[in-house]
Colleague: 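Let me give you the structure first, and then I'll get to my questions.
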Number of protein chains: 2
Amino acid sequence: MKPSTRYHHGDLRAAIIRSAMAALERDGPEGISLRGLAETVNVSRSAPYSHFRNKREVMAAIAEIGFDRLIDEMQRVDGDAPDARLCFLGVGAGYIRFALENPGLFKLMFSADLVSLRSVGDLDQRSARAYAVFRQSLDAFLLEIGRAAPASPTLQALAWSSVHGLAMLLLEDRLPGPPERPMDLAHAVTGMFVELIESSAQRA
Amino acid sequence: MKPSTRYHHGDLRAAIIRSAMAALERDGPEGISLRGLAETVNVSRSAPYSHFRNKREVMAAIAEIGFDRLIDEMQRVDGDAPDARLCFLGVGAGYIRFALENPGLFKLMFSADLVSLRSVGDLDQRSARAYAVFRQSLDAFLLEIGRAAPASPTLQALAWSSVHGLAMLLLEDRLPGPPERPMDLAHAVTGMFVELIESSAQRA
DNA sequence: TGTACATCAGTGAACGCGCGTTCACTGATGTAC
DNA sequence: TGTACATCAGTGAACGCGCGTTCACTGATGTAC
């Protein structure tokens with residue numbers, strides 16, 4: 001049985017996406033080429049065009065999966081306690097862990113040049129869902145500590161920016177004195193954010 | 001007088017950098033090519049190699065200038081009061097303003113793929129200086145409100161991440177419900193960060 | 001159960017493009033005498 | 001002041017590369033009769 005000799009691949013679409021994911025982590029978002037993907041999957045250069053209209057569609061498909069995985073990673077709470085505080089900490093840490101473990105994918109997802117959300121409905125929707133997960137866990141935490149429940153747009157932006165910024169800086173190695181255990185820093189930073197919110201809530 | 005016909009350009013190095021800056025904001029970091037720069041400056045394709053060893057050196061030179069400008073922008077404090085709190089707010093807002101006004105340059109400066117800091121001594125040094133400006137204004141602010149003066153690595157990372165993350169999300173248009181006046185959000189977010197620190201300081 | 005046929009995933013060659021970089025060269029400049 | 005010459009910024013052609021995409025095609029598949 002030589003599956004690589006078959007005329008019809010079987011599930012080329014899935015194979016291309018799988019290969020694209022691998023290339024993404026190997027060479028980064030810029031390193032992906034349809035020709036390269038086709039070669040990896042042992043298929044002619046034009047074969048991918050039976051499943052995708054163009055390169056942008058492939059990139060969008062990958063980014064879509066990326067947002068699903070990001071959601072999974074955020075919801076994989078560390079502890080098991082249904083404590084809103086721990087839950088929010090888990091979401092924040094999950095966000096950063098996802099970025100560190102899938103740097104290429106993360107960069108792709110958050111690069112306007114590479115994937116323009118607005119043009120692809122499904123992608124836009126999934127990115128919104130990822131954001132909703134983050135926002136809801138923030139709101140639940142606020143509620144738990146007795147503070148004005150739906151976070152203001154400003155607080156939302158501050159919380160999201162903190163996690164996203166730290167992920168970005170760690171990824172691009174732009175943090176002065178880069179930590180040898182990045183996730184330790186991630187936990188420390190999210191922990192400090194939570195403490196700041198808590199102490200400010202006690203005043204209100 | 002036809003300066004474009006001269007055999008020797010005069011100051012090709014500066015002209016290339018200037019042209020690169022323009023291309024950066026027009027097409028983004030990926031859109032820059034040495035050939036394109038040469039063409040813009042009306043010079044042969046190989047001419048740039050009299051001033052730069054390769055493309056990486058051009059990118060590094062631009063990024064270097066970028067960090068200098070970032071420092072200027074951070075130090076262009078809004079008010080005139082030598083108030084450490086206002087100063088820190090100005091630094092944070094300056095950081096985000098710089099990113100919004102020079103998106104291509106900002107992305108280049110913080111992209112590990114495009115410019116590897118570690119390999120270029122001068123660049124590394126200037127990026128460190130930019131970070132120092134930020135850290136010092138944070139420390140001054142902490143001092144002013146009577147809190148443990150040199151910020152812990154965790155607090156440094158949180159502060160830097162907040163500003164950087166917000167800049168990045170605004171730049172890549174990844175903030176849900178993108179604000180029509182981004183700098184208003186920038187001021188609100190930095191303002192909230194400062195308030196959180198102040199209220200937590202009152203407890204200690 | 002057997003055969004004609006429509007479908008469409010995959011082929012292979014080609015189009016046209018832009019890129020970084022090298023190399024032998026040329027011509028302007030300014031310095032030493 | 002005038003001239004020989006070293007220097008080196010800039011030329012132009014070429015090398016070799018990888019890319020996205022198109023197009024007429026072929027061969028496997030499965031359905032209708």
Side-chain angles (χ1 to χ4, degrees), chain A residues 1-20 22-24 26-63 104 108 111 113-116 119-120, chain B residues 1-20 22-24 26-63 104 108 111 113-116 119-120:
Chain A
M1 167 183 170
K2 296 184 175 184
S4 61
T5 310
R6 280 179 312 181
Y7 192 91
H8 286 98
H9 180 279
D11 197 359
L12 184 53
R13 191 191 150 90
I16 285 175
I17 290 183
R18 218 178 315 120
S19 147
L24 204 50
R26 206 183 334 108
D27 311 315
E30 317 298 339
I32 287 193
S33 78
L34 284 195
R35 292 164 92 109
L37 298 183
E39 197 178 351
T40 304
V41 183
N42 276 318
V43 110
S44 81
R45 286 163 177 176
S46 48
Y49 288 90
S50 294
H51 300 273
F52 303 94
R53 258 206 301 253
N54 49 38
K55 193 184 176 183
R56 296 178 60 83
E57 269 196 14
V58 180
M59 301 306 253
I62 307 170
L108 174 71
S111 158
D113 309 330
L114 299 170
V115 179
S116 59
S119 65
V120 189
Chain B
M1 169 183 170
K2 295 186 176 181
S4 62
T5 310
R6 280 179 314 182
Y7 192 90
H8 285 99
H9 179 279
D11 197 358
L12 184 52
R13 191 191 149 89
I16 285 174
I17 289 184
R18 219 180 312 122
S19 146
L24 204 50
R26 207 184 333 109
D27 311 314
E30 317 297 338
I32 287 192
S33 77
L34 284 195
R35 294 164 92 110
L37 298 183
E39 197 178 352
T40 304
V41 183
N42 276 317
V43 110
S44 81
R45 286 164 177 175
S46 47
Y49 288 90
S50 293
H51 300 271
F52 302 95
R53 259 206 303 252
N54 49 39
K55 194 184 175 182
R56 296 178 60 84
E57 268 196 15
V58 179
M59 302 305 253
I62 307 169
L108 173 71
S111 158
D113 308 330
L114 299 170
V115 180
S116 59
S119 65
V120 190

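When reading the values below, keep in mind they use all heavy atoms of this one structure, side chains included, and skip hydrogens, waters and symmetry mates.
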Colleague: Would you indicate whether B:Glu57, at its atom CD, is surrounded by more than 12 heavy atoms from other residues, nucleotides or ligands within a distance under 6.0 Å?
Modeller: yes
Colleague: Between C:dG20 atom C1' and B:Arg35 atom CZ, what is the distance in whole Å?
Modeller: 7 Å
Colleague: Say you draw a straight line from CD of B:Glu30 to OG of B:Ser111; how long is it, rounded to the nearest 0.5 Å?
Modeller: 7.0 Å
Colleague: Might you point out which heavy atoms bring B:Phe52 and B:Arg13 nearest each other, and give the distance in Å?
Modeller: CE2-NH1, 3.4 Å
Colleague: Would you mind pulling out the nucleotide paired to C:dG27, Watson-Crick or G-U wobble, both distances under 3.5 Å?
Modeller: D:dC8
Colleague: Whom does C:dC33 pair with, Watson-Crick or G-U wobble, provided both distances fall under 3.5 Å?
Modeller: D:dG2
Colleague: Can you check the B:Arg13 CZ to D:dC8 P distance for me, whole Å?
Modeller: 17 Å
Colleague: Specify the separation, in whole Å, of atom CD1 of A:Ile16 and atom C1' of D:dG20.
Modeller: 14 Å
Colleague: Given atom CG of B:Asn54 and atom P of C:dC19, what is their separation to the nearest angstrom?
Modeller: 17 Å
Colleague: Check the distance between D:dG10's C1' and B:Leu37's CG and give it to me in whole angstrom.
Modeller: 16 Å
Colleague: Please pick, from C:dG20, D:dG10, C:dA14, the nucleotide with the shortest atom-to-atom distance to any side-chain atom of B:Leu12.
Modeller: D:dG10
Colleague: In whole angstrom, give the distance that lies between atom CE of A:Met59 and atom P of D:dT21.
Modeller: 11 Å
Colleague: Give the C-alpha distance, both sets of side-chain angles, the deciding distance and a yes or no for side-chain contact (heavy atoms from CB on, under 4.5 Å) between A:Ile32 and A:Asp27.
Modeller: CA-CA 7 Å; A:Ile32 287 193; A:Asp27 311 315; over 6 Å; no
Colleague: Could you identify which residues of residues 43-51 of chain A place a heavy atom less than 4.0 Å from some atom of DNA chain D, listed by residue number, or say none?
Modeller: A:Ser46, A:Tyr49
Colleague: Please give, in whole Å, the distance from D:dC17 P to A:Glu39 CD?
Modeller: 14 Å
Colleague: Is there a Watson-Crick or G-U wobble partner for C:dG20 with both distances under 3.5 Å, and which nucleotide is it?
Modeller: D:dC15
Colleague: Would you indicate which nucleotide in D:dT21, C:dT21, D:dG10 comes nearest to any side-chain atom of B:Lys55?
Modeller: C:dT21
Colleague: Within this structure, what is the CG-to-C1' distance between A:Asn42 and C:dA9, rounded to whole angstrom?
Modeller: 16 Å
Colleague: Please step through side-chain contact (heavy atoms from CB on, under 4.5 Å) for the pair B:Leu34 and B:Arg45, ending with a clear verdict.
Modeller: CA-CA 7 Å; B:Leu34 284 195; B:Arg45 286 164 177 175; over 6 Å; no
Colleague: Looking only at non-hydrogen atoms, find the nearest pair between B:Ala63 and B:Val115 and report the distance.
Modeller: CB-CG2, 4.1 Å
Colleague: Minimum heavy-atom separation for B:Pro29 to B:Gly104, with atom names?
Modeller: CG-O, 3.6 Å
